[in-house]
There are 2 protein chains.
Amino acid sequence: MTRRPAPHLLSRKDLERFFARDIDRHIPHLILDCAVFGFHNSDLKVLLIKWKGMNIWSMPGGYVRKTEPLDAAANRILQVHTGLRNVHLRQFHTFSGLNTSQRPVKQFYAKLGIRVPADAWPLKRLVAVGYYALVDFLRVRPSADYMADTCAWYGVDDRPRLAFDHEEILQSAREALRATLDVPSAGATLLPSRFTMPELQRLHEAILGRQLDRRNFQKKMLDRGDIERLAERRRGGAHRAPFLYRFRSGRAGDPL
Amino acid sequence: MTRRPAPHLLSRKDLERFFARDIDRHIPHLILDCAVFGFHNSDLKVLLIKWKGMNIWSMPGGYVRKTEPLDAAANRILQVHTGLRNVHLRQFHTFSGLNTSQRPVKQFYAKLGIRVPADAWPLKRLVAVGYYALVDFLRVRPSADYMADTCAWYGVDDRPRLAFDHEEILQSAREALRATLDVPSAGATLLPSRFTMPELQRLHEAILGRQLDRRNFQKKMLDRGDIERLAERRRGGAHRAPFLYRFRSGRAGDPL
DNA sequence: CCAAAAGTGTTGCAATTACACCCATGC
DNA sequence: GCATGGGTGTAATTGCAACACTTTTGG
């Protein structure tokens, strides 16, 4: 994961131009929604956005350009809100978007004073391609664009209720994440490059939603052979200083 | 799975009406493609369609109506080509559809003498939602509509080369199928309601692509507790007559 | 009666789970 | 010095893989 200044946060002018012209450069009735997971203080976090001036919370999302691959769109959308590039992303499901017809999107744009044609497709049914992203919590700079009051981390089990079908999408994303936990990449991208064994264990526990045995966990991780112990230990905490580890293979998405 | 007369095979008139009017009732730039799997003579089969008058093979697909859930669209598309309703269906991935811009779709409609506007979205990029279906081979009546010369079963490893991104989609469908083989539903829907243990085993072997041990397989299946042995045996074959089994729970999609 | 497929049970290995003791550190 | 968390090894269990003999059937 590389942090760069977010290249282009949506401004009011962008938004006006979108409905005036840019809308035709996008695939109509298609949206890409992204559950961004981070890990901090033993808790699994998710990045949420509050819509400007409304009591609506959702996960980051965006439209797909007509010549843009889905994965590229996911990366672009993610970069806007996190400042990160080449994040670990995975498509997990596509949602019909039919229970979302009552979305107060029209009122939202009216409140902002943006002219939107009554039959514009962003006001209608949106088929949503769901992605989840695993990011290093500390490297993310949550960025709210013109449409948002706030963009911030919340505990996945301690957060505002999400609008539209985003409760379902988040639920589904967590299940997909759980299913792919056996691959090393999950830990590799959710943790800083150097981490302790208890940290890695609490991450797994947060994703799986149950406690694990300390000794068995350590054995399993080390037997897998993809992490290595460093000479250094983590100082400063109370109690015995734990060893630091790092993933052996180049971490996916790290800068070259 | 219920067999009914296919309610509506696409006719020439339907096709003309689609481009004249019905196209606006569908979600633009979105297609739903379906890998239909069957099992026969120890072989995993897939249902393929040859485009009328062209050397193009693909899996069944279709467009999604504006008020139609994705699962419903998949069921509808499937019913057209197989005559089956309430088939075991599973969405597995959504494809960008960008490598398919060179599709000879324009020539196809020209050959058929159907007027299609040059900028109509079915000629452009199509994001494809991929489903796979598991069906009882013997109950399927493959039906070719007006756009197709033939609709027929082929061995998944002994078939024409597929056009567009359908090779990738089929590949991906097989992997998704393999991953969900541990759930009983796979066997339950690919086999007739009564089957023998060797039949079930050969099905699993076909999906997994490797041989399994006869004794361990039988133990595992019976321990799972979802199939039961019937008093009857399958007669007529050479050699010792094998027992018949059936799935315990009501098979998904069976008529009430 | 014989070839070929179907039915059954046991044994060994590997992976997972359970569990107890010692060590280091900050207060 | 003591409470708290971190580091390590061993025994028990469970699940999976390997394996051989008997039974049935048609020809």
Side-chain angles (χ1 to χ4, degrees), chain A residues 39-43 178-184 186-187 191-192 194-247, chain B residues 39-43 178-184 186-187 191-192 194-247:
Chain A
F39 184 68
H40 192 60
N41 286 141
S42 308
D43 263 332
R178 215 169 295 152
T180 58
L181 192 54
D182 47 345
V183 300
L191 290 171
R194 303 184 328 151
F195 54 90
T196 67
M197 192 57 73
E199 281 167 357
L200 182 61
Q201 182 179 343
R202 279 189 287 265
L203 166 61
H204 279 244
E205 289 174 338
I207 294 176
L208 293 173
R210 63 188 169 88
Q211 302 289 101
L212 299 170
D213 182 273
R214 202 157 40 91
R215 298 151 284 206
N216 296 333
F217 180 80
Q218 173 143 344
K219 233 180 309 168
K220 195 171 167 183
M221 289 299 126
L222 293 177
D223 285 355
R224 231 169 42 174
D226 48 21
I227 60 180
E228 61 183 353
R229 176 182 286 183
L230 304 175
E232 209 176 339
R233 290 159 179 259
R234 160 107 62 226
R235 302 268 152 192
H239 319 302
R240 180 172 184 173
F243 285 104
L244 285 170
Y245 295 81
R246 72 165 171 222
F247 285 90
Chain B
F39 184 67
H40 192 59
N41 286 141
S42 307
D43 263 332
R178 215 169 296 153
T180 58
L181 192 53
D182 46 347
V183 301
L191 290 170
R194 303 183 326 151
F195 54 89
T196 67
M197 193 55 75
E199 282 168 356
L200 182 61
Q201 183 179 342
R202 268 175 245 131
L203 166 61
H204 280 244
E205 289 174 338
I207 294 175
L208 292 174
R210 64 189 168 87
Q211 302 289 103
L212 298 170
D213 182 273
R214 201 156 42 91
R215 299 151 284 204
N216 295 333
F217 180 79
Q218 173 142 342
K219 234 179 308 168
K220 194 171 168 184
M221 289 299 125
L222 294 176
D223 284 356
R224 231 167 42 174
D226 48 21
I227 62 180
E228 61 184 352
R229 177 181 286 183
L230 305 174
E232 209 176 339
R233 291 159 179 259
R234 162 134 321 149
R235 302 269 150 192
H239 319 302
R240 182 172 184 173
F243 285 103
L244 284 171
Y245 295 82
R246 73 165 170 222
F247 285 90

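Taking only side-chain nitrogens and oxygens, B:Gln218 never comes nearer than 4.0 Å to OP1 or OP2 of C:dA6.
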Task: Heavy-atom protein contacts under 4.0 Å, nucleotides 10-15 of chain C, coded B base, S sugar-phosphate only, - none - done: B-----

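Considering CD of A:Glu199 and CG of A:Leu244, their distance stands at 8.0 Å, rounded to 0.5 Å. If you take CD on A:Glu228 and CZ on A:Arg246, they are separated by 4.5 Å, rounding to the nearest 0.5 Å. Atom CG of A:Leu212 sits about 8.0 Å away from atom NZ of A:Lys220, to the nearest 0.5 Å. Atom OH of A:Tyr245 and atom CG of A:Leu191 lie 13.5 Å apart (nearest 0.5 Å). Interatomic distance, A:Arg194 CZ to A:Glu232 CD, rounded to the nearest 0.5 Å: 4.0 Å. To the nearest 0.5 angstrom, B:Arg202 atom CZ is 7.0 Å from B:Phe39 atom CZ.
Judged by a 6.0 Å distance limit and a 45° cone about the ring axis, B:Arg229 is positioned over the six-membered ring of B:Phe243.
Distance CZ (B:Arg214) to C1' (D:dA17): 15 Å, rounded to an integer number of Å. One interatomic measurement links the two molecules: NE2 of B:His239 to P of C:dA4, which rounds to 8 Å at whole-angstrom precision. The CD atom of B:Gln211 sits 15 Å away from the P atom of D:dC19 (whole-angstrom rounding). What separates CG of B:Asp223 from P of D:dA17 is a distance of 13 Å, to the nearest Å. A straight line from CG of A:Leu208 to P of C:dT17 spans 11 Å, rounded to a whole angstrom. As a whole-Å value, the separation of B:Asp213 CG from D:dA20 C1' is 11 Å. We find that CD of A:Gln201 is positioned 10 Å from P of D:dG7, with the value rounded to whole Å. Here the P atom of nucleotide C:dT25 and the CZ atom of A:Phe243 are 10 Å apart, to the nearest Å.
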- [ ] Show your reasoning for whether salt bridge (charged side-chain N to carboxylate O under 4.0 Å, His left out) applies to A:Glu205 and A:Arg210.
- [x] CA-CA 5 Å; A:Glu205 289 174 338; A:Arg210 63 188 169 88; over 6 Å; no

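Ring geometry, B:His204 versus B:Phe217: the interplanar angle exceeds 60°, so the pair is classed perpendicular (tilted spans 30 to 60°).
Below the 3.5 angstrom threshold, one finds a donor paired with an acceptor across the side chain of A:Arg215 and the base of C:dA20. Between the side chain of B:Arg240 and the base of C:dA5 there is no donor-acceptor pair of N/O atoms closer than 3.5 Å.
Applying a 4.0 Å cut-off to non-hydrogen atoms, the residues of residues 227-237 of chain A that approach DNA chain C are A:Arg235, A:Gly237, listed by residue number.
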